[in-house]
Amino acid sequence: MKIAFFIYVLLYGIALALLAIGTFGWFGQEQDPLSGVFLIPLGLPWNLVADRIGLAGPISAIAAPAINAGILYWLWKR
């Protein structure tokens, strides 16, 4: 579980970096509205739950993978 947690956190960090780069146009990158697409599979099923209860938006898409990271951390420390 330790390795799975660290790989997941690494992927989450990369997805957040790509979101920031694409949103703000850093490093000469053209601004892209789909720059956060890599957060969607990392946040499943929580982003679907947030959509069903009416909380869909950028904050829930960014925070949903953190729930999965917390679950992986809990499984690792358990």
Quick one: does Ser60's side chain have a donor or acceptor within less than 3.5 Å of a partner on Ala50's backbone? no

Pairwise side chain to side chain donor-acceptor pair (under 3.5 Å) hits with a residue in residues 44-55, at least two apart: Trp46-Asn68

If hydrophobic residues (ILVMFWY) are linked whenever their side-chain heavy atoms come closer than 4.5 Å, directly or via other members, who joins Leu44 in its cluster? Leu48

Note: with side-chain heavy atoms under 4.5 Å as the link, the other cluster members for Ile59 come out as none

Please tabulate, for side-chain N and O atoms in residues 2-12, each donor-acceptor pair with protein atoms closer than 3.5 Å (sequence neighbours left out).
{"from": "Tyr8", "atom 1": "OH", "to": "Leu42", "atom 2": "O", "distance (Å)": "2.4"}
{"from": "Tyr8", "atom 1": "OH", "to": "Pro65", "atom 2": "O", "distance (Å)": "3.2"}
{"from": "Tyr12", "atom 1": "OH", "to": "Ile62", "atom 2": "O", "distance (Å)": "2.6"}

Under a single-linkage definition using a 4.5 Å side-chain heavy-atom cutoff for Ile, Leu, Val, Met, Phe, Trp and Tyr, are Phe38 and Ile40 assigned to the same hydrophobic cluster? yes

Between side-chain atoms of residues 13-23 and protein atoms elsewhere (two or more places apart, or another chain), which donor-acceptor pairs fall under 3.5 Å?
{"from": "Thr23", "atom 1": "OG1", "to": "Leu19", "atom 2": "O", "distance (Å)": "2.6"}
{"from": "Thr23", "atom 1": "OG1", "to": "Ser35", "atom 2": "OG", "distance (Å)": "3.4"}

Show me the donor-acceptor pairs, under 3.5 Å and distance only, between side chains in residues 69-78 and residues at least two apart or in other chains.
none

